[in-house]
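Working notes for the structure below.
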2 protein chains.
Amino acid sequence: MSQERPTIELATSPGYLLKVASTALRTAMEEVLRPLGMTITHYSCLELLAQRPGLSNSELARGTFVTRQSMNVLLQSLQRDGLVTRPEQPASGRALPTELTAAGRRQLAGASAAVRGVEDRMLADMDAADRRRLTGLLERCVVALRQE
Amino acid sequence: MSQERPTIELATSPGYLLKVASTALRTAMEEVLRPLGMTITHYSCLELLAQRPGLSNSELARGTFVTRQSMNVLLQSLQRDGLVTRPEQPASGRALPTELTAAGRRQLAGASAAVRGVEDRMLADMDAADRRRLTGLLERCVVALRQE
DNA sequence: GACGGTATGTCAGGATGCTGACATGAGTCA
DNA sequence: TGACTCATGTCAGCATCCTGACATACCGTC
């Protein structure tokens, strides 16, 4: 089949490249997280909690790009497995602040190392200046898209 | 607050930013395509066909990041709506080369303009050099992730 | 104190996409 | 030629996630 010719027009589209890169990264992360019995959302939830303890279900959902409903079922399984804790009763409002347990921190440590390995591979041939350029350009994309 | 175990700093993590930017772009594209009655996969399929006529179902699936099965049902609806054509019998092998109809090209024209508008907004504050840097860096990410 | 607006957690119902599997056709190599 | 490998189109079954909805709790203004 005629698949030795790459798509030339699409290859120059930043939007398409963004999708390609994001998909490649997600696939690579899934590959290293699967042996650990974790999904990307599972890992992202623990990572978020490590950096910002006490986040609510809805805040975790926004940070991991899923709905509140999906995060709710994930949190219940994480709680059942003893990786996170949530108070029975809300201290204020309805939000239940979530925190990592020692077991959760242990599991996160392994997963974080694996994910860092993927990220390092992605940036292997870039020096510090290139990495700063990449993050800076991506940030500008996000800001520009946010404003309607 | 210093942490014992270094975790990934999400705010400056290229991987996380890649996800954020990709999600923001997808959301923005969905917003402009919804009034046209199209999904991103729907649009991407037409765009791919415009640039590379005669692609098979499987090739379209790979190019739009869905499975062959999902692309198959989409192609059937596109065919039913008269936007694409596929031969009844394969000329060789099993692949059925798909082509845009005039109606498909018309619909694509509107959608392509809308999507280009989104991309322009994303890159609004970047000059040509910045855009080249962005695409170049993204390409290097993809290449680095591809090799196991 | 009452009210509207906003945010949260939670409960079904349904749409979307994927995994697994099968038969078929083409290319490869002994 | 025959066995093997790979890719393709298609079918069924299932998992996943989202849309819609509701009750509740805070916060602002009046």
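Naming convention: chains lettered A, B, ... in sequence-line order (proteins, then strands); numbering from 1 in each chain.
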Distance-only side-chain donor-acceptor flag, B:His42 / B:Glu47, under 3.5 Å: no

Nucleic acid contacts - residues 32-42 of chain A versus DNA chain D, non-hydrogen atoms under 4.0 Å: none

Length of the line joining A:Gln76:CD and D:dC17:P, which is rounded to integer Å: 14 Å

Proximity to DNA chain C (any heavy atom under 4.0 Å), residues of residues 56-65 of chain A only: A:Ser56, A:Asn57, A:Ser58, A:Arg62

Below 4.0 Å: OP1/OP2 of D:dG9 and any side-chain N or O of B:Asn72: no

Nucleotide D:dT10, atom P - distance to CG of B:Leu74 in whole Å: 13 Å

Distance-only polar pair, side chains of A:Thr41 and A:Ser44, donor-acceptor under 3.5 Å: no

By salt bridge (charged side-chain N to carboxylate O under 4.0 Å, His left out) - contacts of A:Arg105 (at least two apart): none

Phosphate OP1/OP2 of C:dC18: any B:Ser70 side-chain N/O under 4.0 Å: yes

Annotated protein contacts, base or backbone, on nucleotides 20-25 of chain D with a non-hydrogen cut-off under 4.0 Å, one of B, S, - each: BB-BBS

side-chain hydrogen bond (donor to acceptor under 3.5 Å, both in side chains) between A:Ser56 and A:Glu59, worked out: CA-CA 5 Å; A:Ser56 72; A:Glu59 291 170 319; 3.3 Å; yes

Difference in axis direction between the ends of the helix from C:dG4-D:dC27 to C:dA30-D:dT1, five pairs, 10°: 40°

Polar contact flag, side-chain donor to acceptor under 3.5 angstrom, B:Thr85-B:Gln79: no

Contacts of A:Arg133 that satisfy salt bridge (charged side-chain N to carboxylate O under 4.0 Å, His left out) - sequence neighbours left out: A:Asp130

A:Ser22 side chain to A:Leu18 backbone, donor-acceptor under 3.5 Å: no

